[in-house]
Amino acid sequence: MKRTPYDVMETYLTEVGGKGRFELINELAHPDMVDEANQAFGGPPGRDGLIAHVKGFRRALDAPQFSIDRIVAGPDDVMAWWSFTGTHVGPWLNRAPTGNPVSGTVFSFFELREGRIARYRLWLCAMFDTPVVFDSSRPQLFDTQP
């Protein structure tokens, strides 16, 4: 099934991220795709890396809720502005689990090749006790408090 760039992002966020439907990764992403965030934390390459990325996020947050604010698509790329909430129950972003609510805003960017994900970049601001910012293009965590 051929999906538009908009559909690729929406399916990734709602079905893979939101519902844990990892079987869709084979349809959505190239085998050799690059997930910059996954690479920054030493995860596996390709589709396995994208699966590890989403599984890690879903293990860190109990019952994460997603809200898509906007998706903007071109012919070979797509960007989503989305938010999440959940309870911090697993290690994430170099933080031990707190059991506290956490929320965040994310900008996800897909470069597509032949209608499938070839590269994934993201910018994230997670609201822990202090905000943490992560930019996969410059893989470093920034705690906003000195």
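No hydrogens, no waters, no symmetry mates; every other heavy atom, side chains included, goes into these values.
Between M33 atom CE and L28 atom CG the span is 10.0 Å, to the nearest 0.5 Å. Residue S136 holds its OG atom at 10.0 Å from CZ of F41, rounded to the nearest 0.5 Å.
No continuous path of ILVMFWY side-chain contacts below 4.5 Å connects V34 to V16, so the two sit in separate hydrophobic clusters. V102 and V89 end up in different hydrophobic clusters when Ile, Leu, Val, Met, Phe, Trp and Tyr side chains are linked at under 4.5 Å.
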Could you tabulate the donor-acceptor pairs under 3.5 Å formed by side-chain atoms of residues 58-72, not counting sequence neighbours?
residue	atom	partner	partner atom	Å
R58	NH1	G17	O	2.9
R58	NH1	G18	O	3.0
D69	OD2	S83	OG	3.1

If you look only at distance, which donor and acceptor atoms sit under 3.5 Å apart when one is on a side chain in residues 113-120 and the other is two or more places apart or in another chain?
residue	atom	partner	partner atom	Å
R113	NH2	H30	ND1	3.3
R113	NH2	D32	OD1	3.1
R116	NH2	A29	O	3.1
R119	NE	E36	OE2	3.0
R119	NH2	E36	OE2	3.3
Y120	OH	S108	OG	2.8

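Applying the ring pair (Phe, Tyr, Trp, His ring centres under 6.0 Å) rule to F84 yields the partners F57, W92; only residues at least two apart in sequence or on another chain are considered. In terms of the ring pair (Phe, Tyr, Trp, His ring centres under 6.0 Å) criterion, Y6 has no residue partners (sequence neighbours excluded).
The two residues F109 and M9 have their closest heavy-atom pair at N-CE, 4.4 Å. Contact detail for A37 and L122: the closest heavy-atom pair is CB-CD2, 3.8 Å. Closest of all the heavy-atom pairs between N38 and G49 is ND2-CA, 3.1 Å. When all heavy atoms of G74 and P5 are compared, the pair lying nearest together is O-CG, 3.2 Å. Among all heavy-atom pairs drawn from A80 and L13, the shortest one is CB-CD1, 3.7 Å.
For the salt bridge (charged side-chain N to carboxylate O under 4.0 Å, His left out) condition, the pairs that include at least one residue of residues 11-23, sequence neighbours left out, are E15-K19, E15-R21, R21-E23. Applying the side chain to side chain donor-acceptor pair (under 3.5 Å) test to pairs two or more places apart or on separate chains, those with a residue in residues 39-54 are N26-R47, D35-H53.
Remark: side-chain polar atoms of S103 are not paired, donor with acceptor, to backbone N or O of M127 under 3.5 angstrom.
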Run the side chain to side chain contact (heavy atoms under 4.5 Å, CB included) test on N100 and F128 for me, step by step, so that the C-alpha distance in whole Å, both residues' side-chain angles and the decisive distance to 0.1 Å come before the verdict. CA-CA 8 Å; N100 295 329; F128 293 97; over 6 Å; no
I would like to know whether R95 and D129 meet side chain to side chain contact (heavy atoms under 4.5 Å, CB included); could you show each step before the answer? CA-CA 11 Å; R95 301 248 174 163; D129 53 340; 2.9 Å; yes
Can E27 and R3 be said to form a side chain to side chain contact (heavy atoms under 4.5 Å, CB included), step by step? CA-CA 10 Å; E27 177 185 326; R3 297 179 188 268; 2.6 Å; yes
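For the side chain to side chain contact (heavy atoms under 4.5 Å, CB included) criterion with Y12, the lone passing option out of D7, V78, L50 is L50.
Using a 4.0 Å cut-off between charged nitrogen and carboxylate oxygen, R121 and D77 do not count as a salt-bridge pair.
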